[in-house]
Structure formats: structure tokens, C-alpha cells
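Below is one structure; the comments refer to it alone.
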Amino acid sequence: MPELAEVEYYRKVWSVGTGEAVRRIRLHPQARIFRESNSTAIGQTLTGKTFTNSITHGKKMLFRFSEGCYLGIHLGMSGSLSACAKEMVPSRHEHLVLIMETCALVLTDPRMFGKVLFHQGDAPPDWWANLPPQPQEADFDQRYLNHILESHRRQPLKALLLNQSEFPGIGNWMADEILWQARIHPATTAGSLSPYKRKKLFNRIKHVCVEALRIIGTDWGDPPESWLFSHRWKRGGFCPATGKPLAFETIGGRTTCFSPAIQKY
DNA sequence: CCCCATGTTCGACA
DNA sequence: GTGTCGAACATGGG
């Protein structure tokens, strides 16, 4: 499910527990989401610590606790975060639950493609260091984008936009939305864009990221009908710009929705 | 039964 | 090194 805006939304969902201590932890020790961490140690170490704040980077979240404890979460394909009454009883897919003073913070993930990391120490964790510029931030500028395009010049743009090292947080629907708004065919190779199209691509990356964060990232609102977003989910949809049928093809290994009449190479 | 899914990684291959 | 492809992970929905 989650791309950068949904991730930001879920981060805020857990912020109702800010300033509270972890009273106890319930988790499924064998759940696949703990494959790169020690679930038992998480339960033992995090109990009693106070939740101080959180940040996101791309599709990753970092939750900070007292005494140098850091909980990293990636939601994978089907993960989500929620908050509920602290008397809750975890169901089958609620693999990690932090019972706080006034609420319970819950990580649900049916498919378990997500993952949980944990770190305690004076320095921040290695897995939260040397992170690339995020597309919605000011240090991600036209020059930086041009550099990315040049260094992957033979890649189809759809595949490149899904590369988390270069475009952290952009996922399948955002990549399609950006290319549709920029009127660029998703199979266009990165190195073949004219200066005009590079500028247009940059402009649409910023627009889609910033607007998605504003609309979805705050209270899970729906993007405007003028976006591809609401027309792309089922086959047989129509392009909101032309009224013509949308096309679906596998590009960069993922189902890609685009409007052939207006997205040219 | 079939196919599809907002993600990532890995091995095989050209 | 580049890039592509399919499979794998595990579960649910249509």
C-alpha cells in the first residue's frame, strides 16, 4: 500500500502515543517482518522506554524512544499502523503492539513484506545514515534530477522512478501519476529526454510529491479527479484529460497505467 | 480454480 | 557493468 504520503500519514497515526511510556509489548516473534531483527530483544529493551518523536524518509519510518532506542519500520506492500484502546487483543496480522499509557500502537501486515529494525545506542542506527535527497525536499533540484537521468540513461523512466536509492518514497501509483502529468511515455529512456521534458518531469515530481503529502499525508484525503489517481485502479478506466481508454502494460516489472494518446516518447 | 495487488531482493541470462 | 525478466516472499480480494 504505502508510498511516501501514506507512510507520512501512518507515522502521524502513532504520534498519539508521543510522550508516553511503553508499558508492555505484544508481538508475534516468528513473524517474517522480524527477519532482520531480534523480536525478543525488541520486546525486552523497548518496554519502559518513552516514545519521544518520529520521522520518515521515503517509505521508511523511524520512531525514537528514550535511552537511545530506535524502532525502524517499513510497511512493505500491505502494512499499516493504527492506534486503539490499550485493552486490545492482537489479531492474526497484528504482529507488533506497543501498549502505551493511554493507547495501543499497532503494526498490522498480512503479507509481511514489511520489516522491523531495532537499535539502541548513543549514535543513530547505521540503517538511518547516508540517506539520499527526498524528491519533495529543496536539495532535490533540477540539477540533481538531471544527474540521475544521465547516470541511468538507458533505463525506462518508469523503472527508474521506482528506484528507491534515487527517488525515495515514489511507488507504483506515484510514478504513473508523475509520468502521466508530464505527458511522457513510461517506457521512455531516461537519457532521451529533451531539456524541456526534463524540466517538465522535475516540475511534476515536485507537484505530485508535495500535493500527495498535503492531501493524503495529513488525513488520507483523495487527490483531485483531474489526476490519473482515481481512474487507474480498475481496467477499463478512461484518461481524465482525453476521455480515451487508459492502457495497462508491464514496464519495469510492474503494472503501468498510462494514456497512449498523450504520453509520447 | 484463475488473476491481481501502492514492495523488495535475488539469481539467471543477454 | 547494464539491463531485463521471472520468481520468491505470504495473504486476501475479485
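Basis for what follows: all heavy atoms, side chains included, without hydrogens, waters or symmetry-related copies.
Between Glu3(A) atom CD and dG7(B) atom C1' there is a gap of 10 Å when expressed in whole angstrom units. Taking atom CZ on Arg254(A) and atom C1' on dT9(B), their separation rounds to 13 Å, with Å as the unit. Here dT8(B) presents its C1' atom at 12 Å from NZ of Lys60(A), a figure rounded to the nearest Å. For the pair Phe113(A) CZ and dA5(B) C1', the interatomic distance rounds to 9 Å; values are reported in whole Å. For the pair Met112(A) CE and dT8(B) C1', the computed distance is 16 Å after rounding to whole Å. Atom P of nucleotide dC4(B) and atom CZ of Phe248(A) are separated by 12 Å, given to the nearest angstrom. The separation between Leu160(A) atom CG and dT8(B) atom P is 14 Å, rounded to whole Å. The nearest whole Å value for the distance from the CZ atom in Arg32(A) to the P atom in dT8(B) is 13 Å.
Note on Arg35(A): nothing from the nucleic acid sits closer than 4.0 angstrom, heavy atoms only. At a threshold of 4.0 angstrom between heavy atoms, the contacts of Arg111(A) include nucleobase atoms, whether or not backbone atoms are also involved.
Using bins of under 30°, 30° to 60° and over 60° for the plane-to-plane angle, the ring pair Trp127(A)/His119(A) lands in the perpendicular bin. Between Phe140(A) and Phe167(A), the angle of the ring planes lies from 30° to 60°, which puts this pair in the tilted group. Relative orientation of the Trp173(A) and Trp227(A) rings is tilted, given thresholds of 30° and 60° on the angle between their planes.
Comparing the P positions of dT8(B) and dG1(C) gives an interatomic distance of 23 Å, to the nearest angstrom. dC9(C) and dC1(B) are spaced 22 Å apart, taking the C1' atom of each and rounding to whole Å.
For Arg11(A) (side chain) and Ser54(A) (main-chain N/O), a donor-acceptor pair under 3.5 Å exists by modelled atom type.
Under the 4.5 Å side-chain criterion, counting only non-hydrogen atoms from C-beta, Cys103(A) is in contact with Leu105(A). The shortest side-chain heavy-atom distance between Met174(A) and Cys209(A) falls under the 4.5 Å cut-off. Residues Pro186(A) and Gln263(A) are in side-chain contact: their nearest non-hydrogen atoms beyond the backbone lie under 4.5 Å apart.
Using a 4.0 Å cut-off, no side-chain N or O of Ser78(A) falls inside it from OP1 or OP2 of dA5(B).
Neither side chain, Ser15(A) nor Thr18(A), offers a donor N or O lying under 3.5 Å from an acceptor on the other. Between the side chains of Gln142(A) and Asn146(A), at least one donor N or O lies within less than 3.5 Å of an accepting N or O.
You can see that DNA chain C meets the heavy atoms of chain A within a 4.0 Å-exclusive cut from dG3(C) to dG12(C), reading 5' to 3'.
With a cut-off of 3.5 Å on both pairing distances, the Watson-Crick and G-U wobble pairs of DNA chain B assemble into stems of 3 or more at B:2-5 with C:11-14, B:7-14 with C:2-9.
Map Arg235(A) and Lys115(A) each onto its nearest nucleotide of DNA chain B; the residue landing nearer the 5' end is Arg235(A).
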